[in-house]
**Student:** 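Quick one: this structure, given as structure tokens, is what I'll be asking you about.
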Amino acid sequence: MKYWLMKSEPETFGIEHLKKRPKQTEPWDGVRNYQARNMMRDEMQVGDKAFFYHSNCAEPGIVGVVNIVKAGYPDTTAFDPESQYYDPKATQENPRWYRVDVKFEKQFAQTIALQTLKQHPALEGMAVLARGSRLSITPVTTAQWNFILTLV
DNA sequence: GCCAACGTTGGC
DNA sequence: GCCAACGTTGGC
């Protein structure tokens, strides 16, 4: 079982949205980056956990934990011309984009701010903290995961 | 296969 | 809203 960090803009789809979904579960679709796709398609497994990270907002940081409840499968929003995630190069035979399903596990009483994460030497080297990092899905080591949980 | 131009991300 | 950093596209 592996650990991850998944970014989302709270105004678009934040942890509050996930909490209110039926079964508190949602397909993590619309990812259009190959590295992130590869991780969802090839590496993420049912039972993995991920930090839910709010990006592009007043207080960027980790706001809770989600479980991966369905492993990588084709992101069909790429087939839909009406979708903002439509990709004409994606086909049924060669879906090009993948998604996983995530389920709400918990929301932290307060955000673990990006600034806070940056302050801890124990988290040096964490992928999301890398300079210029824009990847919306990044791996988290067991040591990093456990350390961050002590900050809650 | 190079690389300039372009679009996007995301912290600030 | 700014802009640095990054990924993708497409002409050559």
Side-chain angles (χ1 to χ4, degrees), chain A residues 2-21 26-44 48-68 71-141 143-145 147-152:
Chain A
K2 290 180 176 168
Y3 296 111
W4 307 92
L5 179 144
M6 302 171 84
K7 291 182 191 172
S8 187
E9 300 189 13
E11 285 190 18
T12 307
F13 188 82
I15 198 161
E16 297 288 348
H17 296 96
L18 180 62
K19 244 172 29 176
K20 291 176 190 153
R21 282 288 192 264
E26 181 77 358
W28 201 266
D29 52 26
V31 173
R32 296 293 179 265
N33 169 282
Y34 289 107
Q35 273 181 271
R37 176 206 68 181
N38 292 348
M39 285 188 270
M40 288 199 288
R41 187 188 61 187
D42 305 333
E43 295 190 53
M44 291 175 108
D48 286 4
K49 291 174 182 288
F51 286 129
F52 196 118
Y53 180 97
H54 280 174
S55 66
N56 205 10
C57 55
E59 193 184 26
I62 296 169
V63 295
V65 174
V66 300
N67 288 301
I68 308 306
Y73 64 106
D75 180 352
T76 54
T77 63
F79 307 145
D80 176 8
E82 302 294 306
S83 169
Q84 59 174 318
Y85 303 125
Y86 178 60
D87 180 352
K89 291 182 182 166
T91 63
Q92 298 285 344
E93 299 74 37
N94 188 4
R96 187 139 127 145
W97 303 114
Y98 284 73
R99 59 186 165 187
V100 297
D101 287 357
V102 304
K103 183 182 172 74
F104 176 86
E105 178 175 312
K106 65 178 145 192
Q107 182 172 16
F108 298 146
Q110 54 189 32
T111 301
I112 304 173
L114 174 61
Q115 264 201 330
T116 305
L117 298 175
K118 285 178 176 171
Q119 281 166 9
H120 294 283
L123 299 178
E124 268 177 31
M126 192 174 172
V128 75
L129 302 181
R131 178 182 137 94
S133 164
R134 288 172 30 183
L135 202 52
S136 65
I137 300 177
T138 48
V140 175
T141 67
Q144 289 162 353
W145 182 272
F147 181 81
I148 289 168
L149 289 180
T150 69
L151 302 177
V152 176

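Every chain is numbered from 1 and lettered A, B, ... according to where its sequence line falls, protein lines coming before strand lines. All values reported here derive from a predicted model rather than from experimental measurement.
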**Student:** Starting at CZ of A:R134 and ending at C1' of C:dC6, how long is that distance when rounded to a whole Å?
**Tutor:**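 Checked: the CZ to C1' distance equals 4 Å.
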**Student:** Is the shortest side-chain N/O distance from A:K7 to OP1 or OP2 of B:dG10 below 4.0 Å?
**Tutor:**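 The answer is yes; a side-chain N or O of A:K7 sits under 4.0 Å from OP1 or OP2.
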**Student:** Checking all strands, does A:Q35 fall into the base, sugar-phosphate, or nothing category for heavy-atom contacts under 4.0 angstrom?
**Tutor:**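 Sugar-phosphate contact only.
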**Student:** So which of A:Y73, A:Y86, A:Y34 actually passes ring-ring contact (aromatic ring centres under 6.0 Å, His included) with A:W97?
**Tutor:**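 Among A:Y73, A:Y86, A:Y34, the one meeting ring-ring contact (aromatic ring centres under 6.0 Å, His included) with A:W97 is A:Y34.
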**Student:** Quick check on DNA chain C: between A:N56 and A:R96, whose nearest nucleotide comes earlier from the 5' end?
**Tutor:**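 The residue closer to the strand's 5' end, by nearest nucleotide, is A:N56.
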**Student:** Quick one: A:N38 CG to C:dT8 P, roughly how many Å, whole number?
**Tutor:**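 Interatomic distance, CG of A:N38 to P of C:dT8: 10 Å.
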**Student:** Is A:R32 salt-bridged to A:D75, going by a charged N under 4.0 Å from an acidic O?
**Tutor:**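 A salt bridge links A:R32 with A:D75.
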**Student:** CG of A:L129 versus P of B:dC12: gap in Å, rounded?
**Tutor:**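 In whole Å, B:dC12 P lies 11 Å from A:L129 CG.
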**Student:** For the residue pair A:F147 and A:H120, does the interplanar ring angle fall in the parallel (under 30°), tilted (30 to 60°) or perpendicular (over 60°) class?
**Tutor:**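 Rings of A:F147 and A:H120: perpendicular, over 60°.
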**Student:** In whole Å, what is the span from the OH atom of A:Y85 to the C1' atom of B:dT8?
**Tutor:**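 Answer to the nearest Å: 13 Å.
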**Student:** Quickly work out the A:R131 CZ to B:dG11 P distance and round it to whole Å.
**Tutor:**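 So the two atoms are 15 Å apart, to the nearest Å.
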**Student:** How many whole angstroms separate atom CG of A:N33 from atom C1' of B:dG10?
**Tutor:**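 One finds 14 Å between C1' of B:dG10 and CG of A:N33, rounded.
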**Student:** Specify the separation, in whole Å, of atom OH of A:Y53 and atom P of B:dG10.
**Tutor:**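 Checked: the OH to P distance equals 8 Å.
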**Student:** For A:W4 together with A:F52, are the ring centres under 6.0 Å from each other?
**Tutor:**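 No: the rings miss the under 6.0 Å criterion.
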**Student:** Could you tell me how far apart A:D87 (CG) and C:dT9 (C1') are, to the nearest whole angstrom?
**Tutor:**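 Taking CG of A:D87 and C1' of C:dT9, I get 13 Å after rounding.
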